[in-house]
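Have a look at the structure below before the remarks.
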2 protein chains.
Amino acid sequence: MTNALAFAALADPTRREVFERLARGPLPVGELARGLPVSRPAVSQHLKVLKEAGLVTDRPDGTRRVYQIDPQGLGQIRAWLDRFWDEALEAFKAEVERDDDTQDTETGNKP
Amino acid sequence: MTNALAFAALADPTRREVFERLARGPLPVGELARGLPVSRPAVSQHLKVLKEAGLVTDRPDGTRRVYQIDPQGLGQIRAWLDRFWDEALEAFKAEVERDDDTQDTETGNKP
DNA sequence: CTCATCCGTTAGCTATGACTTACGGTAAGT
DNA sequence: ACTTACCGTAAGTCATAGCTAACGGATGAG
């Protein structure tokens, strides 16, 4: 699975916070770290993880480095979730119907 | 965020495997652990995490315990992702347009 | 050229999580 | 009643993730 990295990346709360801030617009690392309860190198490491997961892209801007959401990574995880959603819901419905069949006689019974 | 638990739960590869198996239909713990590279108690612990994240439900069946996907938990994480998707894509488009404005003085490129 | 700013990387510490083994509890079969 | 099957939980071990402090490289201003 390609999106395994994406799920692992979004698991950390600090990384989620960084990602949500970037969703409102591109930001350099320093400004991104300002207001967060962790140091700047920590944010830099988180950004590295997010980048390897395909969730963000970076671009040099003078002495700064601007990070930005990568729609592609977000699209991949969304696609996986959609496929999974259909599969799980179908199995769920099938089980509900089967439960309706066994509703007359209670505990153990065979068809 | 309520779905923080869901993301953390789906981060672990073993838990992802368990979850994907359950997507194809309900299963008891023993049969779920059969074929996985970890022990049965490990699977039981994973199921506990998935349950607390609202991703699965369990139901006693004699001496066994049958686990099943909970569409509600999957729906919540999907809703969050959808909202996030719109927000991020809008910011992304805005940035692309702004990039078009600064194309004259920069390293020129425009379709 | 020199200085200051901004950033990525490394080393090292600590905390968290995933796993196994061992145990107790419940339900079904004989 | 006894045995067997199935499961959850507790204790303990080991690996890994996240963090800080310190360092070095690149860019822009003076």
Side-chain angles (χ1 to χ4, degrees), chain A residues 1 3-22 25-53 55-68 70 102 105-110, chain B residues 1 4-22 25-53 55-68 70 102 105-107:
Chain A
M1 293 295 175
N3 47 21
L5 292 173
F7 267 106
L10 291 178
D12 184 74
T14 302
R15 229 137 45 198
R16 294 263 301 277
E17 179 68 27
V18 168
F19 195 61
E20 294 193 6
R21 291 200 183 196
L22 285 181
L27 284 175
V29 180
E31 197 165 344
L32 206 45
R34 189 176 312 275
L36 285 178
V38 297
S39 66
R40 185 195 53 79
V43 174
S44 195
Q45 291 170 356
H46 283 309
L47 286 170
K48 183 180 181 181
V49 175
L50 289 172
K51 182 181 177 182
E52 288 175 348
L55 291 170
V56 300
T57 59
D58 61 332
R59 142 178 52 104
D61 176 29
T63 170
R64 296 181 292 189
R65 200 152 193 97
V66 179
Y67 281 80
Q68 177 178 331
D70 185 2
T102 56
T105 57
E106 197 43 40
T107 51
N109 57 358
K110 285 200 301 182
Chain B
M1 292 295 175
L5 291 173
F7 267 105
L10 291 178
D12 185 75
T14 303
R15 229 138 44 198
R16 295 262 302 275
E17 179 68 27
V18 168
F19 195 61
E20 294 193 6
R21 290 200 184 196
L22 287 181
L27 285 175
V29 179
E31 195 164 345
L32 205 47
R34 190 176 312 275
L36 285 178
V38 297
S39 67
R40 184 195 53 77
V43 174
S44 196
Q45 292 171 355
H46 283 310
L47 286 170
K48 184 180 180 181
V49 175
L50 289 173
K51 182 181 176 182
E52 289 176 347
L55 290 170
V56 301
T57 58
D58 60 332
R59 143 178 50 106
D61 176 28
T63 170
R64 295 181 293 189
R65 200 152 192 96
V66 179
Y67 281 80
Q68 178 178 331
D70 185 0
T102 55
T105 52
E106 280 303 319
T107 58

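Atom set for the values below is all heavy atoms of this structure, side chains included, hydrogens, waters and symmetry mates excluded. Letters A, B, ... mirror the listed sequences (proteins, then strands); counts begin at 1. Values in this document were obtained by computation on a predicted structure and should not be read as measured data.
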### Task
Please report the C-alpha distance between Arg16(B) and Asn3(A) in whole Å, then the side-chain angles of each, then the deciding distance to 0.1 Å, and finally whether the side-chain contact (heavy atoms from CB on, under 4.5 Å) criterion is met.
CA-CA 11 Å; Arg16(B) 295 262 302 275; Asn3(A) 47 21; 3.3 Å; yes
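- Here the closest non-hydrogen pair linking Ala11(A) and Ala11(B) is CB-CB, 3.5 Å.
- Here the side chain of Gln45(B) is nearest to one of dG18(D), dC19(C), dT20(D), namely dC19(C).
- The nearest whole Å value for the distance from the CZ atom in Arg65(B) to the C1' atom in dC6(D) is 12 Å.
- The side chain of Tyr67(A) places an N or O atom within less than 4.0 Å of a non-bridging phosphate oxygen (OP1 or OP2) of dG8(C).
- Each of dG8(D), dT9(C), dC19(D) was ranked by its minimum atom distance to the side chain of Lys48(A); first place goes to dT9(C).
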### Query
Does the side-chain contact (heavy atoms from CB on, under 4.5 Å) test come out yes or no for Leu47(B) and Leu32(B), once each step is laid out?
CA-CA 10 Å; Leu47(B) 286 170; Leu32(B) 205 47; 4.0 Å; yes
### Message
Test side-chain contact (heavy atoms from CB on, under 4.5 Å) on Leu10(A) and Leu55(A); report intermediate values, then the result.
### Response
CA-CA 9 Å; Leu10(A) 291 178; Leu55(A) 291 170; 4.0 Å; yes
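- Phosphate contact (OP1/OP2 of dG18(D), side-chain N/O of Arg15(A), threshold under 4.0 Å): present.
- Residue-level contact check: Pro28(B) touches the backbone only, with heavy atoms under 4.0 Å from sugar-phosphate atoms and none from bases.
- One can place CG of Leu47(A) at 14 Å from C1' of dG18(D), the figure rounded to the nearest angstrom.
- Taking only side-chain nitrogens and oxygens, His46(B) comes nearer than 4.0 Å to OP1 or OP2 of dC19(C).
- Following rounding to the nearest Å, Asp61(A) (CG) and dT27(D) (C1') show an atom-to-atom distance of 11 Å.
- Here dC6(C) presents its P atom at 18 Å from CZ of Arg59(A), a figure rounded to the nearest Å.
- Put simply, Thr14(B) has a side-chain N or O that comes within less than 4.0 Å of OP1 or OP2 on dC19(C).
- To the nearest angstrom, P of dT16(D) lies 16 Å from CG of Leu5(A).
- Between Thr63(B) and dA28(C), a side-chain N or O to OP1/OP2 separation shorter than 4.0 Å is absent.
- An OP1 or OP2 oxygen of dT26(C) is reached within less than 4.0 angstrom by no side-chain nitrogen or oxygen of Arg64(B).
- Distances from the side chain of Pro41(A) to the nucleotides dC19(D), dC19(C), dA21(D) place dA21(D) closest.
- Mapping Ala8(A) and Arg34(B) onto DNA chain D by nearest heavy atom places Arg34(B) at the nucleotide closer to the 5' end.
- Put simply, NZ on Lys51(A) is 11 Å from C1' on dG8(C), counting in whole angstrom units.
- dC19(D) atom C1' lies 17 Å from atom CD of Glu17(A), rounded to whole Å.
- For the pair Asp12(B) CG and dA15(D) P, the computed distance is 17 Å after rounding to whole Å.
- Atoms CD and CG, from Glu17(B) and Leu36(B) in turn, are 6.0 Å apart once rounded to the nearest 0.5 Å.
- Of the candidates dG8(D), dC7(C), dA22(D), the closest approach to any side-chain atom of Arg40(B) belongs to dG8(D).
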